[in-house]
Number of protein chains: 2
Amino acid sequence: MEREPAGADEKPRRSDVTRAAILEAARDRFAVDGYDRATIRAVARDARIDPSMVMRYYGSKEGLFAAASAIDLGLPSLADTPREEAGARLVRHFLHRWEEDGTLNALVRVGVTHPAGADRIYTVFREQLTPLVAAVCPDPAEAPTRAALLVSQVLGMALNRYVLKLPPAVEMGHDEIVAWLAPTVQRYLTAAGPRVG
Amino acid sequence: MEREPAGADEKPRRSDVTRAAILEAARDRFAVDGYDRATIRAVARDARIDPSMVMRYYGSKEGLFAAASAIDLGLPSLADTPREEAGARLVRHFLHRWEEDGTLNALVRVGVTHPAGADRIYTVFREQLTPLVAAVCPDPAEAPTRAALLVSQVLGMALNRYVLKLPPAVEMGHDEIVAWLAPTVQRYLTAAGPRVG
DNA sequence: GTTGTTGGCCAACACTCGTTGACAAGCGTA
DNA sequence: TACGCTTGTCAACGAGTGTTGGCCAACAAC
């Protein structure tokens, strides 16, 4: 019986380096293999420890994923950005964030095959993306819809480029992607919504 | 030693109903569970036959997937469609096609976690989508890029709505989605490409 | 009616998985 | 020194996997 779930202010443990190694290996594995093929044994092998350690520190495979998928999109504040450049700014940010490490890839790969992953994506969407959209779009009540549209475009490109590796999407340069996608995202963010009859 | 791989003109076999039942069950399972969780045993159970039959008829799990993911997007000819309505037409078509059966869902779910799935998506992209795009876009040489952009938007929305089931995307109506996405797709298809320096 | 082929089920194979419990070495404290 | 906690390894469990081969009944051809 251990007690330590809530406190974020624990003193450093001797095993912190191991815990971190496990987490890093887990992120890589989830990113490359998805939930099912990312085995605890493989994670342990990458982290150079025994599989049972993973269980001890993270309780279960689900727990490991929960820990490995704690994500900060690092979204830029759009306060100091001209309203009409928000789209380009966001597209470029997502491209960099995606290539920075495997976390987002892991999130998508798991989200597609495992409910816990889809939940996690929704959480990130709700807590990090929607508030930012609400700050720039005309009517805050439309923020969820507009954010969903934004995600559909950005996530779709990421899916093609980083997960499916569709050749034409892989071969596009950053500037080219931004040039094409930015107007789309900009419209989803700030344009008047279309009439639907 | 059986010989029958190439011929598309075989006489009907007594086991055709069973083969079809297996294929249908496989599509459902792949759509719901992805590649790894869709077990041959589960497919066989759904089709009410023995797992070994699946092996006999489709050789292996990979073979089963190959057979189950033979997909016809049923894309409409855009010849009789006004050029400026192509975007709306396509978006609406994809929405219907997606909800028609589980095939596209299966394709995406597997594509994300299994190389064979990603390959299949690329094949469909190349053989069915790119030619259609080439027929309506200004410069046929740009067709792969423009098709990739189209896919990024359409697939992204499908991912949110049908796979991840992100609530705001699920709650949108068909008309609303078309109204938002059609201009985007239209631009990817026919607008002059942006300058990239 | 006999024979060969097809459709189907059953039992088992070798393997991998997540998970568990026992046990040894290292460390801090009294 | 002796104790207790932490970190780590090892071996095993039960379950589920893809896949294989043997066997039996129904059908087709002669």
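Computed from heavy atoms alone, side chains included, the values below leave out hydrogens, waters and symmetry copies. Throughout, a chain's letter reflects where its sequence line sits, starting with A, and its residues are numbered from 1. All values reported here derive from a predicted model rather than from experimental measurement.
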Options [options], nucleotide nearest the side-chain atoms of [X]:
X: Arg13(B); options: dT19(D), dT19(C), dG7(C); answer: dG7(C)
X: Pro51(A); options: dT19(C), dC9(C), dG18(D); answer: dT19(C)
X: Ser52(A); options: dT17(D), dG21(C), dG8(C); answer: dG21(C)
X: Met53(B); options: dT7(D), dG8(C), dT19(D); answer: dG8(C)
X: Thr39(A); options: dG8(C), dC17(C), dT19(C); answer: dC17(C)
X: Ile49(A); options: dT19(C), dT9(D), dC10(C); answer: dT9(D)

Atom-to-atom span, [atom1] of [X] to [atom2] of [N] - whole angstrom:
X: Arg29(B); N: dG16(D); atom1: CZ; atom2: C1'; value: 14 Å
X: Asp33(A); N: dT16(C); atom1: CG; atom2: P; value: 15 Å
X: Asp50(A); N: dA24(C); atom1: CG; atom2: C1'; value: 13 Å
X: Asp36(A); N: dG16(D); atom1: CG; atom2: P; value: 15 Å
X: Lys61(B); N: dC15(C); atom1: NZ; atom2: P; value: 19 Å
X: Arg48(A); N: dT7(D); atom1: CZ; atom2: P; value: 21 Å
X: Ile40(A); N: dC17(C); atom1: CD1; atom2: C1'; value: 9 Å
X: Arg56(A); N: dG8(D); atom1: CZ; atom2: C1'; value: 7 Å

Hey, can you pull the donor-acceptor pairs under 3.5 Å for the side chains in residues 124-138 of chain A, sequence neighbours left out?
{"residue": "Gln128(A)", "atom": "OE1", "partner": "Leu73(A)", "partner atom": "N", "Å": "2.7"}
{"residue": "Gln128(A)", "atom": "NE2", "partner": "Ile71(A)", "partner atom": "O", "Å": "2.7"}
{"residue": "Thr130(A)", "atom": "OG1", "partner": "Phe125(A)", "partner atom": "O", "Å": "3.0"}

query = For Arg37(A) and Thr18(B), take the nucleotide of DNA chain C holding the closest heavy atom to each; which residue's nucleotide lies nearer the 5' end?
reply = Thr18(B)
inquiry  = For Gly59(B) and Arg45(B), find the nucleotide of DNA chain D closest to each by heavy atoms; which residue's nucleotide sits nearer the 5' end?
reply    = Arg45(B)
request  = On DNA chain D, check which nucleotide each of Arg14(B) and Ala38(B) is closest to and give me the residue with the more 5' one.
outcome  = Ala38(B)
task = Check whether any side-chain nitrogen or oxygen of Ser15(B) sits under 4.0 Å from OP1 or OP2 of dT6(C), and answer yes or no.
result = no
message = Can you see if the side chain of Tyr57(B) gets near the phosphate of dG8(C) - specifically, an N or O under 4.0 Å from OP1 or OP2?
response = yes
query = Does the side chain of Ser152(A) come under 3.5 Å of the side chain of Arg161(B) through a donor N or O and an acceptor N or O?
reply = no
task = Decide whether Thr113(B) and Arg37(A) meet the rule of one side-chain donor and one side-chain acceptor closer than 3.5 Å.
result = no
query = Would you call Arg27(A) and Asp101(A) a salt bridge, taking side-chain N to carboxylate O under 4.0 Å as the test?
reply = no
task = Give a yes or no on whether a salt bridge exists between Arg92(A) and Asp175(A), defined as a side-chain N under 4.0 angstrom from a carboxylate O.
result = yes
query = Can you find a donor-acceptor pair, distance only, under 3.5 Å between Arg41(B) side chain and dG16(D) base?
reply = no
